[in-house]
Amino acid sequence: MPSPAERELAYYEDLYGGFAQQHFARPAVVAFRRYLAARILAQTGAASRWRVLSLGCGIGDTEMLLAPHVGEIIGVDLSPKAIEQARADASRARIENVRFLAGNWQEALGAAGQFDLVLAVFFLHHLTEEELTSAPHELARVLRPGGTVYGLEPSARRLAGVVGKLFFRRLMKRYQTEDERQLLAEPTAELFRRAGYAAETHWFDFVSTPLAGLLPGWKTGYRAARWLDHGLVWTPVLREGSANFELIATRPGQG
């Protein structure tokens, strides 16, 4: 029987065999990635000389949007097909301060040097419980003092997940591996606090990101949903049903 890592690799090699590239190029998904890149810059204060490590970078679309604003980005992904596409796209766009590596993220940590920012966008929820528990300690080895981990993860209490299972089960299966799960915001932040970080979480959205996945061609719909989300995530009675949450964890010390 294949291991979870082998199942993940097989899934993503299939996903990046053509479907993902076409999907991620659709207008609503592009709008989401642009919003996400701007959000990362605003939430982390990323500066022009920062070195950035992105775990689970996929085809590097977010990383290439961030590249003009930082010193260097190294993206790591399990899927060789995703990395091949990312390298081709970066070369075509003449973006010279990004580098993409295929392989296991833990092995990449040992050879990548020190970073000011580590990105874990829809990455942590793919880890086993043991890996998730140890991740804050492992990431501390490559974070400079004062460095930040930015995560965006699906919430275990997401209302969008209930709706998806009821009405879009087949499509959700296309986007999810059998081993991945959703996470609880505060317990995830607490793992980083126990490892010595200052960590906080923020609710990210209700509708906009799921809508970009379900209707990737509807850019206007995504933008309208994004504005709706700005209100929903601040509504006390509703916000814990958010689809995704941000994690911002800072290692003590001065960069």
Side-chain angles (χ1 to χ4, degrees), residues 33-57 60 62-63 65-77 97-99 101 105-106 108-127 129-156 182-205 209 229-230 233-234 239-240 242-255:
R33 290 292 179 181
R34 287 177 177 164
Y35 175 82
L36 176 60
R39 179 83 176 184
I40 290 169
L41 293 171
Q43 292 286 65
T44 64
S48 59
R49 294 186 179 180
W50 279 24
R51 294 191 77 230
V52 180
L53 174 65
S54 181
L55 304 176
C57 66
T62 301
E63 290 70 21
L65 290 171
L66 292 170
H69 305 279
V70 299
E72 180 186 12
I73 297 183
I74 295 178
V76 180
D77 199 275
N97 64 331
V98 296
R99 185 155 52 102
L101 307 174
W105 68 279
Q106 291 163 310
L109 293 183
Q114 293 286 296
F115 295 90
D116 303 281
L117 174 62
V118 174
L119 301 179
V121 175
F122 297 130
F123 174 78
L124 296 176
H125 73 287
H126 288 279
L127 304 182
E129 193 64 38
E130 182 180 355
E131 289 171 334
L132 180 61
T133 301
S134 66
H137 301 277
E138 296 192 55
L139 295 179
R141 293 191 289 109
V142 300
L143 268 179
R144 290 179 176 140
T148 299
V149 176
Y150 175 92
L152 179 64
E153 298 295 332
S155 171
Q182 288 78 48
L183 301 176
L184 291 169
E186 267 308 297
T188 303
E190 185 61 25
L191 291 175
F192 282 83
R193 294 187 191 112
R194 290 175 188 170
Y197 296 74
E200 59 187 46
T201 62
H202 306 280
W203 299 116
F204 185 78
D205 66 347
T209 308
D229 281 338
H230 283 313
V233 297
W234 288 102
R239 60 189 178 194
E240 290 203 10
S242 297
N244 303 293
F245 66 89
E246 291 175 309
L247 167 74
I248 301 172
T250 304
R251 188 184 169 205
Q254 305 221 345

**Asked** Does Tyr150 reach the main-chain N or O of Gln43 with its side chain, forming a donor-acceptor pair under 3.5 Å?
**Response** no

**Message:** Can you confirm whether Leu191 sits close enough to Leu132 that some side-chain heavy atom of one is under 4.5 Å from a side-chain heavy atom of the other?
**Reply:** yes

**Message:** Tell me the closest heavy-atom pair linking Phe192 and Ala199, and the distance in Å.
**Reply:** CB-CB, 4.1 Å

**Asked** Looking at side-chain heavy atoms only, is the closest gap between Val70 and Leu117 below 4.5 Å?
**Response** no

**Message:** Could you go through Glu200 and Thr250, starting from their C-alpha distance and side-chain angles, then the distance that decides it, and tell me whether this counts as side-chain contact (heavy atoms from CB on, under 4.5 Å)?
**Reply:** CA-CA 9 Å; Glu200 59 187 46; Thr250 304; over 6 Å; no

**Asked** Out of curiosity, Phe245 CZ to Thr201 OG1, how far, rounded to the nearest 0.5 Å?
**Response** 7.0 Å

**Message:** Is any side-chain heavy atom of Ile248 closer than 4.5 Å to one of His202?
**Reply:** yes

**Prompt:** Roughly how far, to the nearest 0.5 Å, is the CG atom of Leu143 from the CD atom of Gln114?
**Reply:** 8.0 Å

**Message:** Do Arg193 and Glu186 make a side-chain contact, defined as non-hydrogen atoms from C-beta onward lying under 4.5 Å apart?
**Reply:** yes

**Request:** Run the numbers on Glu138 and Glu131 for side-chain contact (heavy atoms from CB on, under 4.5 Å), then give the verdict.
**Result:** CA-CA 10 Å; Glu138 296 192 55; Glu131 289 171 334; over 6 Å; no

**Message:** Using 0.5 Å steps for rounding, measure from the CD atom of Glu153 to the OG1 atom of Thr188.
**Reply:** 7.5 Å

**Test side-chain contact (heavy atoms from CB on, under 4.5 Å) applied to Leu66 and Leu119, step by step** = CA-CA 11 Å; Leu66 292 170; Leu119 301 179; 3.6 Å; yes

**Arg34, CZ atom: more than 12 neighbouring heavy atoms under 6.0 Å** = no

**Closest approach of Asp77 to Gly56 (non-hydrogen atoms, all atoms of both residues)** = OD2-C, 3.3 Å

**Prompt:** How many angstroms lie between atom NE2 of His126 and atom CG of Leu183, to the nearest 0.5 angstrom?
**Reply:** 10.0 Å

**Asked** Looking only at heavy atoms, what is the nearest atom pair of Thr44 and Trp50, with distance?
**Response** O-CH2, 3.3 Å

**Message:** Tell me the closest heavy-atom pair linking Val98 and Ala67, and the distance in Å.
**Reply:** CG1-CB, 3.7 Å

**Request:** Could you check if a side-chain atom of Phe204 sits within less than 4.5 angstrom of a side-chain atom of Ser155, using non-hydrogen atoms only?
**Result:** no

**Item:** Any side-chain heavy-atom pair of Leu139 and Leu109 under 4.5 Å
**Value:** yes

**Asked** For Ala140 and Tyr197, which heavy atoms make the closest approach, and how far apart are they?
**Response** N-OH, 3.1 Å

**Asked** Which heavy atom of Asp205 sits nearest a heavy atom of Asp229, and at what distance?
**Response** CB-OD2, 3.2 Å

**Asked** If you measure from CD on Glu63 to CG on Asn97, what distance do you get to the nearest 0.5 Å?
**Response** 11.5 Å

**Request:** Would you mind reporting whether Trp105 and Leu127 have side-chain heavy atoms less than 4.5 Å apart?
**Result:** yes

**Message:** For the CG atom of Asp116 and the OG1 atom of Thr148, what is their distance to the nearest 0.5 Å?
**Reply:** 8.5 Å

**Request:** For residues Thr62 and Ile40, determine if any side-chain heavy atom of one lies less than 4.5 Å from a side-chain heavy atom of the other.
**Result:** yes

**Prompt:** Are there more than 12 heavy atoms of other residues, nucleotides or ligands under 6.0 Å from atom CZ of Arg141?
**Reply:** yes

